[in-house]
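Keep in mind that the numbers below use all heavy atoms, side chains included, and drop hydrogens, waters and symmetry copies.
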Amino acid sequence: TVTLGQGIVVKGTWVHDGWEISAMGTGLKDFDDHMTRGRLLEFSLVKHTESGWRWGLEKKPFQWGYGLFGGYMIGDSNDPVPRLVLESPSAELHLFGVPLGTWGFETFLGQLEWNRQIPAWMSDPQLVQQQLETQGDIRRPNLSGVRVRAAFGSFVDMNFGVVSRWGGV
């Protein structure tokens, strides 16, 4: 929807005792139909533990890198997906005294909104198109993902991620 009018963006963050609460929203007043619209663009209710774990509920942009067939697995060009998140601290791993690098993981579980199609940046667009043709338009599908990340020194890092779509109505 295109609108012509006045608007405001409001953003705030509160951090205390490992908790981070933040939100960003817009308010728009359309000149033509004199309608005022408000929208919550991003939010976060996340706990950061002293040991480095991060968990909570958020709706923020994030990228997980490229998928097997090109394109981002999770990109930030679309409206972010509300999701539960869990992220581990990075830990140095050794095997028989040989350093294997610094490793960690993150995972999420989210649900697309009722009026959203599967984004074009998904790594399996052909499969998504086939399912749309055979099953129709699936609303509110669930998205989940796991990413393992590793760093080998200062200049080499690796990410391995899997994202899946399931369910819906």
Side-chain angles (χ1 to χ4, degrees), residues 9 11-25 40-114 116-132 135 138-168:
V9 175
K11 182 174 185 175
T13 302
W14 179 73
V15 178
H16 179 70
D17 197 28
W19 285 97
E20 174 188 337
I21 301 172
S22 65
M24 181 170 72
L40 181 62
L41 298 174
E42 296 179 11
F43 69 85
S44 171
L45 175 58
V46 176
K47 174 70 173 174
H48 299 266
T49 67
E50 290 182 20
S51 60
W53 288 89
R54 180 179 171 276
W55 56 271
L57 176 65
E58 68 182 10
K59 179 184 175 183
K60 286 186 165 185
F62 70 127
Q63 288 184 352
W64 272 16
Y66 292 103
L68 291 176
F69 306 109
Y72 285 110
M73 288 179 61
I74 298 292
D76 64 0
S77 62
N78 292 322
D79 193 21
V81 176
R83 61 194 177 270
L84 295 169
V85 295
L86 174 65
E87 185 176 341
S88 76
S90 294
E92 298 231 0
L93 297 181
H94 299 355
L95 181 63
F96 304 114
V98 176
L100 299 177
T102 305
W103 291 76
F105 78 90
E106 58 187 279
T107 185
F108 77 93
L109 170 63
Q111 187 174 57
L112 291 177
E113 298 167 7
W114 72 272
R116 301 233 341 244
Q117 297 286 332
I118 301 301
W121 42 256
M122 292 295 286
S123 63
D124 59 350
Q126 294 85 6
L127 177 62
V128 171
Q129 185 60 37
Q130 286 175 344
Q131 289 177 342
L132 284 174
Q135 300 173 5
I138 299 174
R139 302 293 185 173
R140 296 187 60 83
N142 300 306
L143 288 178
S144 60
V146 175
R147 179 173 78 153
V148 175
R149 59 187 190 281
F152 309 101
S154 303
F155 302 108
V156 179
D157 63 340
M158 175 191 78
N159 292 296
F160 176 76
V162 176
V163 175
S164 63
R165 176 182 60 91
W166 46 279

(message) Can you confirm whether Phe160 sits close enough to Phe105 that some side-chain heavy atom of one is under 4.5 Å from a side-chain heavy atom of the other?
(response) no
(request) Over all heavy atoms of both residues, which pair between Ser88 and Gly104 is shortest? Give the atoms and the distance, please. (result) OG-CA, 3.4 Å
(message) For the CG atom of Asn159 and the CD atom of Glu106, what is their distance to the nearest 0.5 Å?
(response) 8.0 Å
(message) Can you tell me how far apart CD1 (Ile21) and OG1 (Thr13) are? Round to the nearest 0.5 Å.
(response) 10.0 Å
(request) Would you check if the side chain of Trp53 reaches a backbone N or O of Glu50 as a donor-acceptor pair within less than 3.5 Å? (result) no
(request) Could you pull out all residues at least two apart from Val98 that satisfy side chain to side chain contact (heavy atoms under 4.5 Å, CB included)? (result) none
(request) Could you tell me whether His94 atom NE2 has more than 12 heavy atoms of other residues or ligands within 6.0 Å of it? (result) yes
(request) Over all heavy atoms of both residues, which pair between Thr102 and Ser90 is shortest? Give the atoms and the distance, please. (result) CG2-CB, 3.3 Å
(message) Quick one, Val9 and Met24 - any side-chain contact, counting heavy atoms below 4.5 Å?
(response) yes
(message) Can a donor-acceptor pair be found, under 3.5 Å and without considering hydrogens, that links the side chain of Ser22 to the backbone of Phe43?
(response) no
(request) Please examine the side chains of Leu45 and Trp19, heavy atoms only from C-beta on, and report whether any two atoms are closer than 4.5 Å. (result) yes
(request) Taking the side chain as every heavy atom from C-beta outward, state whether Val46 and Arg54 have any pair of such atoms under 4.5 Å apart. (result) yes
(message) Under a 3.5 Å threshold, yes or no: a donor from one side chain and an acceptor from the other, between Trp166 and Ser144?
(response) yes
(message) Tell me the closest heavy-atom pair linking Leu86 and Trp55, and the distance in Å.
(response) CD1-CB, 3.9 Å
(request) Mind checking the CD-CZ spacing from Glu87 to Phe108? Nearest 0.5 Å is all I need. (result) 13.0 Å
(request) Measure the spacing between CG of Leu84 and CD of Gln111 and express it to the nearest 0.5 Å. (result) 11.0 Å
(request) Kindly write out the residues that satisfy salt bridge (Lys or Arg N to Asp or Glu O under 4.0 Å) with Glu20, not counting sequence neighbours, or none if the list is empty. (result) Lys60
(request) Give a yes or no on whether a salt bridge exists between Lys59 and Glu42, defined as a side-chain N under 4.0 angstrom from a carboxylate O. (result) no
(request) Please tell me if the side chains of Met158 and Arg149 come closer than 4.5 Å, counting only heavy atoms from C-beta onward. (result) no
(message) Counting only heavy atoms not in Lys47 (residues, nucleotides, ligands), do more than 12 fall under 6.0 Å from its NZ?
(response) yes
